[in-house]
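The next block holds one structure in the form of structure tokens; read it before the comments.
Chain letters run A, B, ... following the sequence lines, proteins first and then strands; every chain starts at 1.
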Amino acid sequence: MSDQVAAVVREHAPFVWRALCHLGVPERQVADASQEVFVAVFRNLHRFEGRSSMKTWLFGICRNIAARHARSRARAREALAPGPLPEMAVAESQSRELARREVSSRLEHALQKLPEGTRMVFVLYEIESLPMAEVAAAVGCNESTAYSRLYVARDSVRKQLLRVGLLTPGQALEEVLP
Amino acid sequence: MSEDLRWADDPSQPPSLREAITHARSAGPSARELEALIASVHAAATEPSSLRPSRVPGPRALFALTALMAVGVFLYTMGVEQDRSHDPPSVPAVASPLRPEDRQPPLEIPANPPPPAASPEGAPAQRPTAPRPGPARRPTPPRAEQSVLEEAKLLRAAKQALAAAPSVAAAQLELHRKHYPNGGLVEEREALAIEIAWHRGKHSEARLLNQRFRARYPESAYLRRLDLLLRGGLTER
């Protein structure tokens, strides 16, 4: 069984990790939350029949685990600002990397300001590249509503990036970055 | 409804914004964090009580009928019926469109349905009914029926998960092997193991398993299908 556990975790851990981050789980709790997700996966393995995508199923579990974590830290009132993004795979020149991290950080801040349902549509569609039908199923709305949320999210993200000076109307982002 | 062009693929979006999205897609645990996660999940998830499939309570007759249906559906999905004819494949390889009732249950769904109020055996005296003509029914222990039903459910889940998540299908099969090492559907499990290995790209392993399967079950109805699969002539699931 250990090989099977390793295979499943290796294959799906990045998605689970990102989903938990975007669902507001603090970075220092993501590892624990990921463990809870996969334990729930293996305890409910017999329930997954492949009729929906694995990511849709996993996202439902992530959402429940994230909600549980949110409840448990409700009294602690942690700062809402998201931490730095998890380890990145690509290393580039320092200035280029800094510029990219700046945009990534701003993007993450912009996403955190969105309502969860809207944010998750953006995340699942733009970042996880799920088909919109699966996005709608994962967040529990119909496709039209999901598209509406996507457009709201895009508009909000654009405005946030404009506000902090990372985007100017009609100007490519490359032009305003060092 | 056609899909909207994603920002990362839209050349009209600023390059750094597209890059930020692409960058976000590659985020995840570090190698060290991943190994720690695997170890902790393995320790927690393989406790004896944690991987046991849920029991399905119900009257004996319902069990017998459902078990037969489950086995029938399982055999059908394994392609036995297709192998008996030369009809073109009719089982789609991809998952069907999502419907609300198809969604996988979240955590809140209890693993074990509540037990019935009263078992048929424990029920008060039943009203006498006229005997019905027909072949005599062979009494089957409820536990055995239940076991076969659970086995079939697990194997069917693995079969259906094969397209969406082969690694999960393999884990489900392992779960069956753990709980039903000498169950009533071992032949089906071993045939499915070959399919899963093949679809996970482990072709040498699939061929080896197929040789063992052929030696163990020389009269199996799955042999033709498995041969087709391993020759690359079977694309449907």
- Heavy atoms only, distances under 4.5 angstrom: which of His12(A), Gln35(A), Met54(A) has the most pairs with chain B? Name it, please.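 Most heavy-atom pairs under 4.5 Å with chain B: Gln35(A).
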- Message: For a quick check under 3.5 Å, do Asp4(B) and Tyr125(A) share a side-chain donor-acceptor pair by atom type?
- Response: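 Asp4(B) vs Tyr125(A): no donor-acceptor pair found between side chains.
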- Report yes if some heavy atom in the side chain of Glu33(B) is under 4.5 Å from a heavy atom in the side chain of Trp17(A); otherwise report no.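 Sidechains of Trp17(A) and Glu33(B): in contact.
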- Message: Are Glu35(B) and Arg10(A) packed together at the side-chain level, in the sense that at least one heavy-atom pair is separated by less than 4.5 angstrom?
- Response: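 Glu35(B) reaches Arg10(A) side chain to side chain.
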- Task: For each of Thr22(B), Leu34(B), Val168(B), tally heavy-atom pairs with chain A at distances under 4.5 Å, and name the one with the top tally.
- Result: Val168(B)
- Query: So, for Ala44(B) and Val39(A), which heavy atoms are closest and what is the spacing to 0.1 Å?
  - Reply: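 That closest heavy-atom pairing would be CB-CG2, 3.5 Å.
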Residues 126-133 of chain A side chain polar contacts: donor-acceptor under 3.5 Å, at least two apart:
residue: Glu126(A); atom: OE1; partner: Trp7(B); partner atom: N; Å: 2.7
residue: Glu126(A); atom: OE2; partner: Arg154(A); partner atom: NE; Å: 2.7
residue: Glu126(A); atom: OE2; partner: Arg154(A); partner atom: NH2; Å: 2.7
residue: Glu128(A); atom: OE1; partner: Arg18(A); partner atom: NH2; Å: 2.9
residue: Glu128(A); atom: OE2; partner: Arg18(A); partner atom: NE; Å: 2.7
residue: Ser129(A); atom: OG; partner: Arg25(B); partner atom: NH2; Å: 3.3

- Please look at Ala13(A) and chain B and tell me whether the side chain, the backbone, both or neither of the residue comes under 4.5 angstrom of a heavy atom of that chain. both
- Item | Residue part contacting chain B, namely of Phe59(A), when any heavy atom lies under 4.5 Å | neither
- Look up atom NE2 in His42(B) and atom CD in Gln4(A), then write down how far apart they are to the nearest 0.5 Å.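 Going from the NE2 atom of His42(B) to the CD atom of Gln4(A) covers 10.0 Å.
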- Query: Roughly how far apart are Glu19(B) CD and Leu107(A) CG, rounded to 0.5 Å?
  - Reply: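 That separation rounds to 12.5 Å.
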- By a 4.5 Å heavy-atom criterion (distance strictly below it), what part of Ile196(B) contacts chain A: side chain, backbone, both, or neither?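 Neither part.
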- Got a salt bridge between Glu11(A) and Arg200(B), using NZ or NE/NH1/NH2 to carboxylate O under 4.0 Å?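 No, Glu11(A) and Arg200(B) are not salt-bridged.
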- Query: Listed by chain and number, what are the salt bridge (Lys or Arg N to Asp or Glu O under 4.0 Å) partners of Arg177(B), not counting sequence neighbours?
  - Reply: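 Arg177(B): salt bridge (Lys or Arg N to Asp or Glu O under 4.0 Å) contacts with Glu174(B), Glu190(B).
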